[in-house]
J.: 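Have a look at this one.
Both counts, for ligands and for their atoms, begin at 1 and track the order of listing. Counting begins at 1 with the first residue of the sequence.
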Amino acid sequence: MTQPFPPAAFPYARPRRLRSSPWVRRLVAETVLTPSDLIWPLIVHDGAEDRVPVASMPGVFRLSPRAAAAAAVEARDLGIPVVALFPHVDAAIKDANGTGATDPDGLIPDCIKAIKDAAPEIGVMCDVALDCYTDHGHDGLMADGRILNDDSLERLAEQAFIQAHAGADIVAPSDMMDGRVQAIREALEANGLHDTMILAYAAKYASAFYGPYRDAVGSAKQLTGDKQTYQMNYANSDEALREVAMDIAEGADAVMVKPGMPYLDIVRRVSETFQVPTFAYQVSGEYAMMQAAIANGWLDEDRAILETLHGFKRAGCAGVLSYFAPKAARLLGG
Ligand code: PBG
């Protein structure tokens, strides 16, 4: 960074000059936030109802494939480039291997097809992890209370293939097994799916802020223990750079930091160190705590939403996943 020399001093420098009216504030703004920066996470379900409210996430609903297609049309009309799908499946189909994750006629392939029919102009991203389909609620396979790394890779690669084959544009492994990006990339290449993008949840921390999501996708009841043997320790930052470097070397096109607001220091380091698009996820717990304060009148909804989302851009994000995406896009004139 170049420093002004000699250093600007009062009264020659008056930083308030550049803030004195809306037009000049706009003129000198260093970053912008537009609907094109937003990824809208959709919770989808295999139940009979079109929309089921999620108690811990006011304003978020579990959507049927038909309702998800309607949401995708809304996203398109608002200028949101991509929706991300997360499944809530009936507990009866959950098992130790997460068999439902690789059902080519399952909920996610159904939703992808419904969305592609209704709004072919936008992208579809899918979460690669077994937690929504396993009876133990973990992202990989489990034996004797341990999460098996290498045995999980084949399942995850098959899940990603099923999604890409059904029409997903981006597969996003969120499982944090070592080597999963490579396993997925090889499976995609081997099947001629050269253009499928991998957005790796590269620096995903073990976090309390996923609580409402686990309620939304119905994995909270199942989950035995925690995910600290595979998700990252929030004491660490250098380790995030090693994780990102590995995922890029294995074939990731873009990377993600997760959760969002408490981890903007990681976003800044990653985006400055690597020349790949960096994303962050303003996760369910961040959404829930803001909605709780908004509902109580303690936060101004519109201003708080735009301020937090803008923070991601300032930290270096190419884009941000947020449950506020449609609301924010509307505020931004989308
Ligand atoms: C599953 C997954 C999680 C989230 C996205 N994918 C939860 C977890 O790892 O337990 C969290 C999203 C959110 O909290 O909004 N691997």
J.: For Tyr213, what residues pass the ring pair (Phe, Tyr, Trp, His ring centres under 6.0 Å) criterion, not counting sequence neighbours?
T.: Phe86

J.: Restricting to non-hydrogen atoms, name the atom on Gly211 and the atom on Ser284 that form the minimum distance, rounded to 0.1 Å.
T.: N-OG, 4.3 Å

J.: Check each atom of ligand 1 against the heavy atoms of Tyr210 and keep those under 4.0 Å away; list them by number with element.
T.: 8 (C), 9 (O), 10 (O), 11 (C), 14 (O)

J.: Below 4.0 angstrom, N of the basic side chain to O of the carboxylate: do Arg330 and Asp302 qualify?
T.: no

J.: Under 4.0 Å from a heavy atom of Tyr281: which atoms of ligand 1 are those, numbered in the order shown and with their elements?
T.: 12 (C), 15 (O)

J.: Parallel under 30°, tilted from 30 to 60°, perpendicular over 60°: which one fits the rings of Tyr230 and His138?
T.: perpendicular

J.: Just let me know how Asp127 lines up against ligand 1, side chain, backbone, both or neither, with a heavy-atom cut-off below 4.0 Å.
T.: side chain

J.: Is Asp175 in contact with ligand 1, taking contact as a heavy-atom separation below 4.0 Å?
T.: no

J.: Look only at interatomic distance and state if Tyr201 has a nitrogen or oxygen under 3.5 Å from any nitrogen or oxygen of ligand 1.
T.: no

J.: From Arg180 CZ over to Met246 CE, what is the distance, rounded to the nearest 0.5 angstrom?
T.: 9.5 Å

J.: Counting each atom of ligand 1 from 1 as listed, which ones have a heavy atom of Arg214 under 4.0 Å away?
T.: 8 (C), 10 (O)

J.: Just go through Met57, His138, Met176, Lys204 and tell me whose heavy atom is the nearest to atom 9 (O) of ligand 1.
T.: Lys204

J.: When you measure from atom 14 (O) of ligand 1 to every protein heavy atom, which one gives the shortest distance, and what is it?
T.: Ser284 OG, 2.7 Å

J.: List the steps, then state whether side-chain contact (heavy atoms from CB on, under 4.5 Å) holds for Gln159 with Val171.
T.: CA-CA 9 Å; Gln159 181 183 23; Val171 292; over 6 Å; no

J.: In a check of side-chain hydrogen bond (donor to acceptor under 3.5 Å, both in side chains) between Thr99 and each of Asn97, Asp103, Thr102, Asp95, which one passes?
T.: Asp95

J.: Can you list the atoms of ligand 1 that are under 4.0 Å from a heavy atom of Ala129?
T.: 16 (N)

J.: Could you find the nearest protein heavy atom to atom 1 (C) of ligand 1 and give me its residue, atom name and distance?
T.: Asp131 OD2, 2.8 Å

J.: By number and element, which atoms of ligand 1 are closer than 4.0 Å to a non-hydrogen atom of Asp139?
T.: 1 (C), 16 (N)

J.: State if Tyr323 counts as touching ligand 1 under the rule of any non-hydrogen atom under 4.0 Å.
T.: yes

J.: Are Ser219 and Asp131 linked by a side-chain donor-acceptor pair shorter than 3.5 Å?
T.: no

J.: Should one rank Lys227, Lys258, Met256 by closest heavy-atom distance to atom 5 (C) of ligand 1, which comes out on top?
T.: Lys258

J.: Compute the minimum heavy-atom distance from Gln231 to ligand 1 and say whether it is under 4.0 Å.
T.: yes

J.: Judged by atom type as modelled, is there a donor-acceptor pair below 3.5 Å linking the side chain of Arg25 to the main-chain atoms of Arg19?
T.: yes

